[in-house]
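Structure record follows, encoded as structure tokens.
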Amino acid sequence: MFDAPAAGPAGLRYAPDFISKATEGELIRHIRALPLAPFQFGQFEGKRRVASFGYRYDYASRRLECAEPIPSWLNGIVAAIQSFGGVSTEIGQILCTEYDCGVGIGWHRDKPHFDRIFGLSLGSACKFRFRRRTENGWERFTLDAAPRSLYLMAGDARQIWEHSIPPVEAPRYSITFRTMVETVRGAKASR
Ligand SMILES: O=C(O)CCC(=O)C(=O)O
Ligand SMILES: [Fe+2]
């Protein structure tokens, strides 16, 4: 059910076959039916297409904004992710992404409003790459993320290491589930 990748970043967990082929097919069908929009960061447009639920990070205003509520077709998988994450895991944000052939994502760390990051891979495999700076250059690690697998980035894997995906060779979909940091959860509770 769950493998700790050999010599990978601390805080990275990987679960192959987290969902069935039938569930994968259903989720892809739902994602394809969404009004996906090219990822916008400032004046740049990424080639991947996305839809956000719960919250959305706006690169123009550089603020976290409210997004559409999490739709009910995601309820089952959210429950499975929360139970994988353990007690007090509450998913606040979901990003559905479509990568066409030749599309990837550049090096980055996710925005600081988010805490732990769970990623479900659908449709095809990808090389999920990690790097962190060392005194003499970069230390690197690649996770082979199979379709239907789940990765979790927490601790160093989330806070220190950057991640990226080189252009995919077949269409890939992903659903990223994020918990919110305490300050964001507190602000929401007091509204
Ligand atoms: O597609 C994925 O699995 C990861 C996407 C990602 O890193 C992000 O949207 O921040
Ligand atoms: Fe990311």
Side-chain angles (χ1 to χ4, degrees), residues 5 8-9 11-19 23-24 27-28 30-32 34 36-42 44-59 62 64-65 67 70 74 77-78 80-81 84-85 91-132 140-181 184:
L12 176 66
R13 284 172 68 188
Y14 177 70
D17 295 311
F18 188 74
I19 55 169
T23 303
E24 177 189 32
L27 292 172
I28 291 176
H30 276 110
I31 295 171
R32 293 183 62 155
L34 290 172
L36 296 171
F39 183 82
Q40 294 283 345
F41 46 108
F44 301 104
E45 208 170 78
K47 290 197 190 121
R48 62 192 191 283
R49 299 201 309 141
V50 299
S52 304
F53 299 105
Y55 291 98
R56 183 171 64 82
Y57 183 81
D58 188 288
Y59 282 78
R62 282 189 264 152
L64 191 70
E65 298 188 343
I70 296 171
L74 283 166
I77 187 70
V78 169
I81 299 284
F84 179 85
I91 300 302
Q93 200 254 7
I94 293 184
L95 183 72
C96 296
T97 305
E98 175 196 73
Y99 300 82
D100 240 331
C101 282
V103 175
I105 184 169
W107 288 111
H108 69 282
R109 275 186 297 261
D110 288 23
K111 293 291 163 204
H113 314 79
F114 305 116
D115 184 8
R116 284 180 297 157
I117 300 160
F118 301 78
L120 190 63
S121 295
L122 308 168
S124 73
C126 76
K127 298 276 178 208
F128 200 90
R129 300 188 300 189
F130 288 88
R131 70 174 188 188
R132 74 167 161 185
R140 294 172 185 275
F141 179 78
T142 300
L143 174 73
D144 286 305
R148 298 180 295 287
S149 71
L150 182 76
Y151 60 79
L152 163 59
M153 290 185 279
D156 285 4
R158 190 267 176 269
Q159 306 291 347
I160 294 172
W161 295 71
E162 297 178 316
H163 55 274
S164 72
I165 300 173
V168 298
E169 287 165 14
R172 173 176 181 266
Y173 297 85
S174 69
I175 309 180
T176 309
F177 305 83
R178 297 171 171 128
T179 63
M180 310 309 291
V181 294
V184 174

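Counting convention: from 1, in listed order, for ligands and their atoms alike.
When hydrogens are left out, the protein atom nearest atom 3 (O) of ligand 1 is Tyr151 OH, 2.7 Å; that is the closest non-hydrogen contact. Annotation: atom 7 (O) of ligand 1 to nearest protein heavy atom, His163 NE2, 3.0 Å. Annotation: atom 6 (C) of ligand 1 to nearest protein heavy atom, Ile105 CD1, 3.6 Å. Here the heavy atom of the protein found nearest to atom 8 (C) of ligand 1 is Arg178 NH2, 3.5 Å.
Nearest heavy-atom pair across Ser52 and Ala67 is O-CB, 3.7 Å. The shortest non-hydrogen separation linking Ala80 to Phe18 is O-CZ, 3.7 Å.
The backbone N or O of Phe114 lies less than 3.5 Å from a partner atom in the side chain of Arg158, making a donor-acceptor pair. Arg116 places a side-chain N or O within 3.5 Å of a backbone atom of Gly85 that can act as its donor or acceptor partner. With hydrogens and angles disregarded, a donor-acceptor distance shorter than 3.5 Å links the side chain of Glu24 to the backbone of Gly123.
Heavy atoms of Arg109 stay at 4.0 angstrom or farther from ligand 1. Within the 4.0 Å heavy-atom cutoff, Ile165 counts among the residues contacting ligand 1. Contact analysis puts Ser174 in contact with ligand 1, with a non-hydrogen atom separation below 4.0 angstrom.
At under 3.5 Å, not a single nitrogen or oxygen of Thr176, backbone or side chain, sits near a nitrogen or oxygen of ligand 1. Taking distance alone, with nitrogen or oxygen atoms compared against 3.5 Å, Arg48 stays at or beyond that limit from ligand 1. Residue contacts with ligand 1: Thr97 is placed with no nitrogen or oxygen under 3.5 Å of a nitrogen or oxygen of the ligand (distance criterion only).
Taking a cut-off of under 4.0 Å to the non-hydrogen atoms of Leu95, the atoms of ligand 1 that pass are 9 (O). With ligand atoms numbered from 1 in the order given, ligand 1 contributes 3 (O), 4 (C) to contacts under 4.0 Å with heavy atoms of Phe128. Close approach of ligand 1 to Asp110 is summarised as follows: ligand atoms under 4.0 Å from at least one heavy atom of the residue are 10 (O). Residue Arg172 has at least one heavy-atom neighbour below 4.0 Å for each of these atoms of ligand 1: 1 (O), 2 (C), 3 (O).
Vertex the Fe ion (ligand 2); arms to Asp110 atom OD1 and His108 atom NE2; angle 90° (nearest 10°).
Between Val103 and Arg49, every side-chain heavy-atom pair lies at or beyond the 4.5 Å cut-off. For the pair Pro171/Glu98, no side-chain contact is recorded, criterion being any heavy-atom separation below 4.5 Å from C-beta on. Looking only at side-chain heavy atoms (C-beta outward), Trp107 and Arg129 come within less than 4.5 Å of each other. Taking the side chain as every heavy atom from C-beta outward, Glu162 and His108 never approach each other to under 4.5 Å. The shortest distance between side-chain heavy atoms of Ile94 and Val78 falls below 4.5 Å.
When distances from the Fe ion (ligand 2) to the N, O or S atoms of His163 are compared, NE2 comes out shortest.
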(request) Start with the C-alpha gap between Tyr55 and Tyr57, add the side-chain angles, then the distance that decides, and say whether ring pair (Phe, Tyr, Trp, His ring centres under 6.0 Å) holds. (result) CA-CA 7 Å; Tyr55 291 98; Tyr57 183 81; over 10 Å; no
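Nearest to atom 5 (C) of ligand 1 by heavy atom, out of Tyr57, Phe118, Tyr99, Phe39, is Tyr99.
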